[in-house]
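For reference, the structure is listed below as C-alpha cells.
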Amino acid sequence: MSQHILTAVAWPYANGPRHIGHVSGFGVPSDVFSRYQRMAGNKVLMVSGTDEHGTPIQVQADKEGVSAKELADRYNRVIAEDLTGLGLSYDLFTRTSTRNHYAVAQEIFKGLHDNGYIFPRTTMGAISPSTGRTLPDRYIEGTCPICGYDGARGDQCDNCGNQLDPIQLVNPKSRINGETPVFTETEHFMLDLPAFAEVLGSYLQGKQGEWRPNVLKFALNLLGDLQPRAISRDLDWGVPIPLDGWRDQPNKRLYVWFDAVVGYLSASIEWARRSGDPDAWRQWWQNPDARGYYFMGKDNIVFHAEIWPAMLFGYNGQGARDGRPGSLGALNVPSEVVSSEFLTMEGRKFSSSRQVVIYVRDFLARYDADALRYYIAVAGPENQDTDFTWQEFVNRNNGELVAAWGNLVNRSISMAAKNIGAIPEPGDLTDADRALLERSRNAFGPVGAELTRSRFKNAITEAFDVVRDANRYLAEQEPWKLKDDPERQKSILHVALQVVDDCKTMLTPFLPGSSNKVHAMLGGEGVWSGMPEMREVDEDGGESYPVITGSYDGAARWEHRPITPGTPLAPPVPLFKKLDPKVVDEELARLGE
RNA sequence: GGGGCGGUAGCUCAGCCGGUCAGAGCAUCGGACUCAUAAUCCGUGGGUCGUGGGUUCAAGUCCCACCCGCCCUACCA
C-alpha cells in the first residue's frame, strides 16, 4: 500500500559551512530513509532548507562587514552545493528568506494568535546601545555574582555552573564589541506552551514503543515544566510580526526558531507550487494516513518533539483554549521524531574556531560521497555519541567498502566479463547455489524492516553480511578453477552476479552513487536511483536563488530482481578508491593543535 | 543547580521487556587461495561489560550512590 511520507530534515544554519558532524545528524540518515521509502513504493516528500535568520547570523555578518542577507546568500549556496554533493535527495531544499516562507510563518503566527495561544508580555531585555538589537544572554559576559569568576556568560557561569541572568552579572559587557548592554523594558510575544500540556501529554504517550526511547523520555520530561516561551526578538533581520502596530516596526521580528520550524510546511507549499499543483502539499500535511518523519541532531529535540507539535496543535485549535484551524486547514503533527546523537572529531568536540573540524566541502574534494555516507551509516551517532577518526575512516573504507563490497562486485563481473562476456545462463543449481540465492533474497525483508525503524546500522550491517556470504561462496566454489567445466562455472558466476545485484539494491539507500554504477556495469539501463541537482529559481521574477531538487522516480525498487542472462558485460572499473594510509597523517596535520 | 543520554575486547561499536549476552567488524597471530583495487576465505588470542553497594534462584541487562564524557537548561525571579 502506497503511503504519503513527509521526510522533514532539520534546517542547517547558514552562518557558515556545515561539517560532517552536522550531516551525520540530519543529512545522511534522512536520505537513507527517504530513498528506502521511495524504493518501497511510498510517495516521499523530502524538504528542508537553510535557516537564515537570527542573531548569530547578524553577528557573523557584522564581523565580516556584510549584511545579514549577503551572508545568508553566500552560505545558502555553499550548503546547498555540499548537500547536493552528498547526494541527499531533497524534493526541495530551499531557504527561510523567501517571500513564501515569510507568508507561511506569519500565517502560523496569526492562526496561533487568533486562537489565543500567543500573548504579549513586557520583559527586561539586554539591548546593544550601538545597534538597538537584543543582545542574547550568551553574548553577554561579566563577573559571576556567585563565585566571582570574571568570564561568566549571561546565561551561565562556566566556572561554578550556576545558571544566571545577565542582569545579575557584575560589570556586564557585550562579547561582540565590548560595550556595556542597556537593560530596558521591551515587549515580546509569548507562545503559551502550558496550554498544550494536556494535548502534548496524550500525543507523546501515544508514541510509547514507537519513538526512540531517548527522544520520548526527553520530551515527556519537558512536559512537567512547560512555561510560556518568547517568540519575538529585538532585531531587524527576520520575519516581521503580522499584527497591526507591529508589522512595520523595524526592530521586532519573530524569534528565529519560530520561523525555522515552520519551514517544513512552507517548503512543502513551495514545492507544490513549483510542481504545478499548488495544493499537492496537502497530501502530506492533511491526509490522516500520511506520516511525517523528522530528522535532526539531539540538540533539536525540544523544538521537534515539543514546540513544533504545540504550534501545530494551536494552529489546529486543539490546545486548552480550543479554537479553530487557520486558513490552511488542520495540519498533521509529526508521526516520528528521529534524533541522532553527536559525532565527535578525533575525541574532541567539533570546533570551527579551533580547527577541529572537517567541512563537507573539504571532505568531498578529497573523498567520495559514498565513502562518507558509508562511514556515517555504519559508524555514525545513531544511538549514542560516536567518534570520527581518520584512522577509522580509512579502515572502514579500505577494509569494508573496498575490500568486501567493491571487491565482490569487481571479482564477479570481472570473471564473467573475461570468461563469458555476458551475464551467464545458469545450469543445474546445487544446494550451495540455492542457499546463497535464498539467503540474499530473504534479506530484503529484515533489512527493510530495520530501515523502516530508522535502525540504519543494523540495516547496513545485515546487508554487508550478505556481501560476506557471497565472498565466502566464491572462495568455496572456486569458479576460476573450472576452466574445464564451463557449465558449472557459468552457474556459479550467474549466482554471484545475481547476489551482487541484490546487494546493490539493498545498498542503494546508503550508497546511491556506487549502486548506480553497479546497475550500469550489470547492463542496466536508465536511471536506477535519482540524484539531486541544484537549480536556480525565483519568486515571480524576483531575485534568483539556488534550490536542490530532483527526480527520484528511478527504476530502483526494494525487491529481488532477476538478472537477464545474455546481457553483455564489459570489464569493470573499481567502484571505490582505496585510500593510502598516509592520508591519516595528512588529515591529522590539517586539524588544529 | 536541574533534566537527559552514554561509559562493553587494542580500536570503533551491537546487545528491546533480567536467564546460550559476553558479541560484530577492524587490528594481532597462524594457515588456505589467486578470479579480484596484495583484495578474499579459514582458524586464533583478548574483556571481572565505569566504581561501590542492593534486589533476585539468576544482572552489562533492574534499584541506589559515586566518578567520567556529552546534550539541553525557555521564562521568571
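The structure presented is a predicted model; accordingly, all values stated were derived computationally and were not measured. Each chain gets a letter, A, B and so on, in the order the sequences are listed, and its residues count up from 1.
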Quick one: A/N395 CG to B/U28 C1', roughly how many Å, whole number? 13 Å

Geometric cation-pi criterion, A/K577 with A/Y367: 6.0 Å, 45°: no

Salt bridge check: are A/K457 and A/E382 linked by an N-O gap of less than 4.0 Å? no

d(A/N410 CG, A/M415 CE) to nearest 0.5 Å is 10.0 Å

Of the nucleotides B/C76, B/U37, B/C42, which has the atom closest to the A/R121 side chain? B/C76

By nearest-nucleotide position on RNA chain B, the 5'-leaning member of A/N471 and A/E400 is A/E400

Nearest-angstrom distance, C1' atom, B/C11 to B/A27: 7 Å

To the nearest angstrom, how far is A/D192 atom CG from B/A74 atom C1'? 13 Å

Please work out if A/L193 contacts a base, only the sugar-phosphate, or nothing of the nucleic acid, heavy-atom cut-off 4.0 Å. nothing

Report the residues that fulfil salt bridge (charged side-chain N to carboxylate O under 4.0 Å, His left out) with A/R373, sequence neighbours left out, ordered by chain and then residue number. A/D31

Testing the 3.5 Å rule here: is there a donor-acceptor pair between the side chains of A/N300 and A/Y294? no

Gap in Å between the two P atoms, one belonging to B/A77 and one to B/G4, rounded: 27 Å

Between residues 295-308 of chain A and RNA chain B, which residues have a heavy-atom gap below 4.0 Å? A/K298, A/D299

Just the rounded figure in Å: distance from C1' of B/A39 to CG of A/N397. 13 Å

For A/D469 and B/A24, give me the distance from atom CG to atom C1', rounded to whole Å. 14 Å

Ring centres of A/Y375 and A/F388 under 6.0 Å apart? yes

Using a strict cut-off of less than 4.0 Å between a Lys/Arg side-chain nitrogen and an Asp/Glu carboxylate oxygen, indicate whether A/K298 and A/D385 qualify as a salt bridge. yes

From CG of A/N407 across to P of B/U37 the rounded distance in Å is 8 Å

A/Y374 and ring-ring contact (aromatic ring centres under 6.0 Å, His included): which partner among A/F464, A/F456, A/F393, A/W405? A/F464

Glycosidic torsion of B/G6 (syn if within 90° of 0, anti otherwise) classifies it as anti

Calculate the interatomic distance between A/L223 atom CG and B/A74 atom P; express it in whole Å. 18 Å

With nearest nucleotide decided by heavy atoms, which residue, A/E476 or A/P574, maps closer to the 5′ end of RNA chain B? A/P574

Contact class for A/R468 vs. all strands (heavy atom < 4.0 Å): base, sugar-phosphate, or nothing? sugar-phosphate

Could you measure between the two C1' atoms, the one in B/G10 and the one in B/C71, and give it in whole Å? 29 Å

Do A/S514 and A/K504 get their side chains close enough for a donor-acceptor pair, meaning under 3.5 Å? no

Rounding to 0.5 Å, atoms CD (A/E336) and NE2 (A/H304) come to a distance of 13.5 Å

Check for a donor-acceptor pair, side chain of A/Q498 on one end and backbone N or O of A/I563 on the other, with a separation under 3.5 Å. yes

Taking B/C26 as the reference, what is the distance to B/G19 when you measure between their C1' atoms (whole Å, please)? 31 Å

Fill in the dot-bracket string of RNA chain B, one character per base: . for unpaired, | for a pair to another strand, ( ) or [ ] for pairs within the strand, taking Watson-Crick or G-U pairs under 3.5 Å. (((((((..((((.........))))..((((.......))))......(((((.......))))))))))))....

Members of residues 577-587 of chain A that approach RNA chain B, where some heavy atom sits under 4.0 Å away: A/K578

If you take the centroid of each ring, where Trp contributes its six-membered ring, are A/W308 and A/F303 closer together than 6.0 Å? no

Note, A/Q58 side chain near A/H53 side chain (heavy atom, < 4.5 Å): no

B/C68 and B/G52, which share atom name C1', separated by this distance in whole Å: 15 Å

Roughly how many Å is it from CZ in A/F119 to P in B/C75, rounded to a whole number? 13 Å

Show each protein N/O and nucleotides 12-15 of chain B N/O combination with a separation under 3.5 Å, one pair to a line.
residue	atom	partner	partner atom	Å
B/C13	OP1	A/D387	N	2.5
B/C13	O3'	A/K457	NZ	3.2
B/A14	OP2	A/Q384	NE2	2.4
B/G15	OP1	A/R455	NH2	2.6

Between A/N395 and A/Q391, do the side chains contain a donor N or O and an acceptor N or O under 3.5 Å apart? yes

Indicate, with yes or no, if the rings of A/Y315 and A/Y117 have centres closer together than 6.0 Å. no

Over all atoms of both residues, closest heavy-atom pair of A/Y13 and A/P56: OH-CD, 3.4 Å

Take atom C1' in B/C67 and the same atom in B/A24, then report the distance between them in whole Å. 29 Å

Which value, in whole Å, describes the distance between the C1' atoms of nucleotides B/G54 and B/G30? 47 Å

Nearest-Å distance for atom pair NZ/C1', residues A/K349 and B/C70: 8 Å

Nucleotides 31-35 of chain B: which of its N/O atoms have a protein N/O under 3.5 Å away?
residue	atom	partner	partner atom	Å
B/C35	O2	A/R411	NE	3.2
B/C35	N3	A/R411	NE	3.3
B/C35	N3	A/R411	NH2	2.5
B/C35	N4	A/R411	NH2	2.9

Base, sugar-phosphate, or nothing for A/F576, non-hydrogen atoms under 4.0 angstrom? base

Aromatic ring proximity A/F313/A/Y203, centre distance under 6.0 Å: yes

Quick one: which of A/F109, A/F258, A/Y255 gives a ring-ring contact (aromatic ring centres under 6.0 Å, His included) with A/F189? A/F109

How far does the P atom of B/A9 sit from the matching atom of B/U51, given to the nearest Å? 10 Å

Return the nearest nucleotide to the side chain of A/F342; candidates are B/C71, B/U37, B/C41. B/C71

